Amino acid sequence: MIAFVSGPVAALAPDSAVVEVGGIGIAVQCSPNTLSGLRMGQQTKLATSLVVREDSLTLYGFVDDDERQVFELLQTASGVGPRLAQAMLAVHSPDALRRAVATGDEKALIAVPGIGKKGAQKLLLELKDRLGEPIGVPVVGAPVTQGWRDQLHAALIGLGYATREADEAVTAVAPQAEAAGGTPQVGQLLKAALQTLNRAR
C-alpha cells in the first residue's frame with residue numbers, strides 16, 4: 001500500500017492534485033480542505049489511501065494520518081464508498097465527525113451531500129464504536145474566522161484562477177461565510193467558490 005506521497009505539486013484541479021515523486025506524476029484525489037493548503041510548485045506530503053477496484057486504482061490524499069484513518073474507518077459502514085467518505089471529510093473535520101457520532105448528531109451527517117435522514121441514523125449506529133472519541137478540544141472562534149478571505153483567495157490562485165476571478169468568487173461566497181456564524185470552513189467555501197466560477201465560465 002502507498003502510505004504517503006511527497007514532492008512538489010505539479011498540477012491542481014478542483015478535486016485532485018498531481019504530486020511529482022521521483023520524476024513520476026502521481027494523481028491524488030483530495031477534498032477541498034486538503035487542496036486549499038496546496039500550492040503549485042511547493043513541496044507537500046500527503047497521507048494516502050489506495051482504493052482498488054476491478055477497473056481502477058484510485059489514490060486518495062489527506063492532510064495527515066488521522067484524516068486518512070477516519071476515511072478508511074468510514075468505509076467500514078455499509079453503503080459508504082470512498083466518494084461518500086471523502087464528501088463527509090469535505091464537510092466535517094475528523095474530530096467533528098467523531099463528535100457527531102458520539103453525540104448522535106443526525107443533522108451534522110445530513111449536511112453531507114448524499115446522506116439523508118435514514119442514512120444518517122444508520123451511520124450513527126454503525127460508526128458508534130468505530131470512530132472513537134474526539135481527540136482535540138473544540139476551539140471557540142477559531143483563527144480561520146479572521147483570515148478565511150485570504151485563505152480562500154490564495155487557494156483559488158493556487159488552482160490557477162486569475163486574481164480578478166478569485167476576487168469575484170470570494171465576494172460571491174461571503175454571504176455563506178457570514179451565515180456560518182463566524183467559523184466558516186475554508187474547504188466548504190472553496191467548493192462553493194469553484195461552483196460559482198464554473199457557472200461563470
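We count residues from 1, following the sequence as given. Model, not experiment: these values are computed from the prediction.
- Residues Q176 and L189 are in side-chain contact: their nearest non-hydrogen atoms beyond the backbone lie under 4.5 Å apart.
- Put simply, CG on L97 and CD on E67 are 9.5 Å apart, with the number rounded to the nearest 0.5 Å.
- L124 CG to L109 CG: the interatomic distance, rounded to the nearest 0.5 Å, is 5.0 Å.
- Using a distance-only test at 3.5 Å, with no hydrogens or angles considered, a donor-acceptor pair links the side chain of E165 to the main chain of A162.
- Residue A47 comes nearest to D65 through the heavy atom pair CB-OD1, 3.5 Å, listed as atom of the first residue, atom of the second, then distance.
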Would you tabulate the side-chain donor-acceptor contacts of residues 49-63 under 3.5 Å, counting partners in other chains and residues two or more places apart, or write 'none'?
{"unit_1": "S49", "atom_1": "OG", "unit_2": "E72", "atom_2": "OE2", "d": "2.9"}

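- Sorted pairs that involve residues 27-53 and meet ring-ring contact (aromatic ring centres under 6.0 Å, His included), not counting sequence neighbours, are lacking altogether.
- From N33, atom CG reaches atom CG of L35 across 9.0 Å, with rounding to the nearest 0.5 Å.
- Applying the side-chain contact (heavy atoms from CB on, under 4.5 Å) test to A100 and every residue at least two apart in sequence or in another chain returns D105, A108.
- The OG1 atom of T76 sits 6.0 Å away from atom CG of L127, with the distance rounded to the nearest 0.5 Å.
- For residues 26-37, no pair satisfies salt bridge (charged side-chain N to carboxylate O under 4.0 Å, His left out), with sequence neighbours left out.
- Using a 4.5 Å cut-off between side-chain heavy atoms of Ile, Leu, Val, Met, Phe, Trp and Tyr, with links allowed through other members, I110 and L131 fall into different hydrophobic clusters.
- A169 and A193 make their closest contact through CB-CB, 3.9 Å (heavy atoms, listed as atom of the first residue, atom of the second, distance).
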Under the side-chain contact (heavy atoms from CB on, under 4.5 Å) rule, what do M88 and V70 come out as? Steps first, then yes or no, please. CA-CA 10 Å; M88 290 169 80; V70 170; over 6 Å; no
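- Both L190 and V28 are assigned to one and the same hydrophobic cluster, defined by single-linkage of ILVMFWY side chains at heavy-atom distances under 4.5 Å.
- Screening I24, V18, V19 against V21 for a side-chain contact (heavy atoms from CB on, under 4.5 Å) leaves a single residue, V19.
- Across A85 and Q75, no two heavy atoms sit closer than the pair CB-CG, 4.0 Å.
- Formation of a donor-acceptor pair under 3.5 Å by the Q42 side chain with backbone atoms of L38 is not found in this model.
- For residues 113-128, the side-chain hydrogen bond (donor to acceptor under 3.5 Å, both in side chains) pairs, not counting sequence neighbours, are S78-K122, S78-E126, E106-K117, E106-Q121.
- Put simply, the residue from H92, R99, R98 that forms a side chain to side chain donor-acceptor pair (under 3.5 Å) with D95 is R98.
- The pair R164-D167 does not count as a salt bridge, with every side-chain nitrogen at least 4.0 angstrom from each carboxylate oxygen.
- Side-chain N or O atoms of R39 include one that pairs as donor or acceptor with a backbone N or O of S36 at under 3.5 Å.
- Note that OG1 of T34 is 7.5 Å distant from CD of Q86, once rounded to the nearest 0.5 Å.
- Separating the OG atom in S6 from the CD1 atom in I26 is a distance of 10.5 Å, to the nearest 0.5 Å.
- V101 and V91 fall within a single hydrophobic cluster, where Ile, Leu, Val, Met, Phe, Trp and Tyr are joined by side-chain heavy atoms under 4.5 Å apart, directly or via other members.
- Looking only at distances, a side-chain donor or acceptor of T48 sits under 3.5 Å from a matching main-chain atom of I2.
- Sorted by first then second residue, the salt bridge (charged side-chain N to carboxylate O under 4.0 Å, His left out) pairs that include residues 11-33, not counting sequence neighbours, number zero.
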